[in-house]
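Protein chains get the first letters and strands the later ones, always in sequence-line order, with residue 1 at the start of each. It should be emphasised that the depicted structure is a prediction, and the values quoted were computed from it without experimental measurement.
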Protein chains: 2
Amino acid sequence: MVRQPSVAAQNREPLSRDRIIEAALHIVDGQGLGRLTMRRLGDALEVEAMAIYHHLPRGKEELLDGLVAHVAVHPAPTRAAGDWQAVLRRWAGDYRARLLTHAGVLPLVVTRRNPAALGGTAASLREVLRQAGLTEQAAADGAHALLGYVIGHAALEVRGSAAAEEAVDWDTRFTAGVDLVINGLSRR
Amino acid sequence: MVRQPSVAAQNREPLSRDRIIEAALHIVDGQGLGRLTMRRLGDALEVEAMAIYHHLPRGKEELLDGLVAHVAVHPAPTRAAGDWQAVLRRWAGDYRARLLTHAGVLPLVVTRRNPAALGGTAASLREVLRQAGLTEQAAADGAHALLGYVIGHAALEVRGSAAAEEAVDWDTRFTAGVDLVINGLSRR
DNA sequence: ACCTGAACACCGTTCAAGT
DNA sequence: ACCTGAACACCGTTCAAGT
């Protein structure tokens, strides 16, 4: 006869780093960064908060790093059809959508020291520009200009800096800025 | 004979909103946002933490809003000599310096709903572009493109997204991006 | 190996009380 | 009006203990 598992482990897939980070992201997206606590995260995973430390020994620090990595890691520019301008335009739109979907982690993306995350994104943008014929230096500068713009604009959108301003069409405004940067890169 | 003040009030100027926010900014700049607590702030002001609530009834929320306002409020573009391009270039440099000096508040600037702070900055940039002859729409888009770039790039710098990258000259890289945006605005 | 329970030091905030 | 002291609910994290 099969041994009945303890109540604590009843029919639940075991905890894992990925499952923890996904649950955390779900909390942040739904309730905001301020409500992400180890205890609440434990509840969401149907586990005591302390169990999390077994999978993330560095605790909450490691959890937040994981969120940044999950959101900011480069979805490489799709090397599909179109010239490099179209490739970058498309990447910018996708990356912005990604940031806005997980707006709660934006403050972490912005200031957590996490070289790997944004570094990879910058590198792949640089590569697109290098293949487009820009010098090494111009490609590196351009990659950061575009990445900086996308992140900064997403931040402005999230804050909704309007107020006195009439209703803003953020989509077209964002696109206008992207065109500005890309056109600038085209005629160097 | 002059009455001796109580120990608690000994020769100390009374608490005030401004003094509180300055002390908080000092803590954030020196030790980071994570170490800004009401109790520590009270210590720095030589007062019990609870006294702060008398001047900031909304508590820590109001304190953080105050920090954002103090750092992000528009230092209006200096209407000095030079064409509008020079004016914007100078403003961008100053604003970046301001953000980097108070890097600890960047995550707050990025995501705290605080319309007044960045709204004023965006408005004065828009005005410069409007007077330069851009259409209302182009001026509004351009103002956000520049502001977004400056904030986003400052964020990239703070994170030090390098790592695999050779030593980066952030100053020239930042300037290159500013030129990119401003040149784009010039030849619309 | 994986999780729990109790404990510790520390938060933000309230409220009645002092002056 | 301005500040204090005690208290409350809630943090992140440790550590020994369970299975």
Inset, instruction - Decide salt bridge (Lys or Arg N to Asp or Glu O under 4.0 Å) for B:Arg112 and B:Glu61; before the verdict, give the C-alpha distance in whole Å, the side-chain angles of both, and the deciding distance to 0.1 Å. - result: CA-CA 10 Å; B:Arg112 275 194 94 68; B:Glu61 286 293 302; 2.8 Å; yes
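- Following rounding to the nearest Å, B:Glu48 (CD) and C:dC15 (P) show an atom-to-atom distance of 19 Å.
- The CE atom of A:Met38 sits 9 Å away from the C1' atom of D:dT13 (whole-angstrom rounding).
- If you take CD1 on B:Ile151 and NE2 on B:His144, they are separated by 9.0 Å, rounding to the nearest 0.5 Å.
- Separating the CG atom in A:Leu56 from the CG atom in A:Leu15 is a distance of 9.0 Å, to the nearest 0.5 Å.
- Spacing between atom NE2 of B:His54 and atom C1' of D:dG5 amounts to 16 Å, rounded to whole angstrom units.
- To the nearest angstrom, P of C:dT13 lies 11 Å from CG of B:Leu56.
- Between the CD1 atom of B:Ile20 and the P atom of D:dC2 there is a distance of 11 Å, rounded to whole Å.
- At a cut-off of 3.5 Å, with distance as the only test, no side-chain donor of B:Glu22 or B:His26 sits close to an acceptor on the other residue.
- We find that OH of A:Tyr53 is positioned 9 Å from C1' of D:dT14, with the value rounded to whole Å.
- Helical stems in DNA chain D, defined as runs of 3 or more consecutive Watson-Crick or G-U wobble pairs with both donor-acceptor distances under 3.5 Å, are listed by first residue as C:4-8 with D:12-16, C:12-16 with D:4-8.
- One atom, NZ of B:Lys60, and another, C1' of C:dT14, lie 17 Å apart when rounded to the nearest Å.
- Rounding to whole angstrom units, CD of residue A:Glu46 and C1' of C:dC2 are separated by 17 Å.
- Atom OH of B:Tyr149 is separated from atom CD1 of B:Ile182 by 10.0 Å, given to the nearest 0.5 angstrom.
- Between the side chains of B:Arg17 and B:His55, no donor-acceptor pair of N or O atoms lies under 3.5 Å.
- For the pair B:Arg40 and C:dC11, the criterion of a side-chain N or O lying under 4.0 Å from OP1 or OP2 is met.
- OP1 or OP2 of C:dC3 lies within a sub-4.0 Å distance of a side-chain N or O belonging to A:His55.
- A salt bridge between B:Glu48 and B:Arg39 is absent, with no side-chain N of the basic residue lying under 4.0 Å from a carboxylate O of the acidic one.
- Comparing D:dC11, C:dC3, D:dT4 by their nearest atom to the side chain of B:Ala51 picks out D:dT4.
- Positionally, the nearest nucleotide of DNA chain C for A:Ala49 lies more toward the 5' end than for the other of A:Ala49 and A:Arg39.
- Residue B:Met50 places its side chain closer to D:dA7 than to any other of D:dG12, D:dA7, C:dT4.
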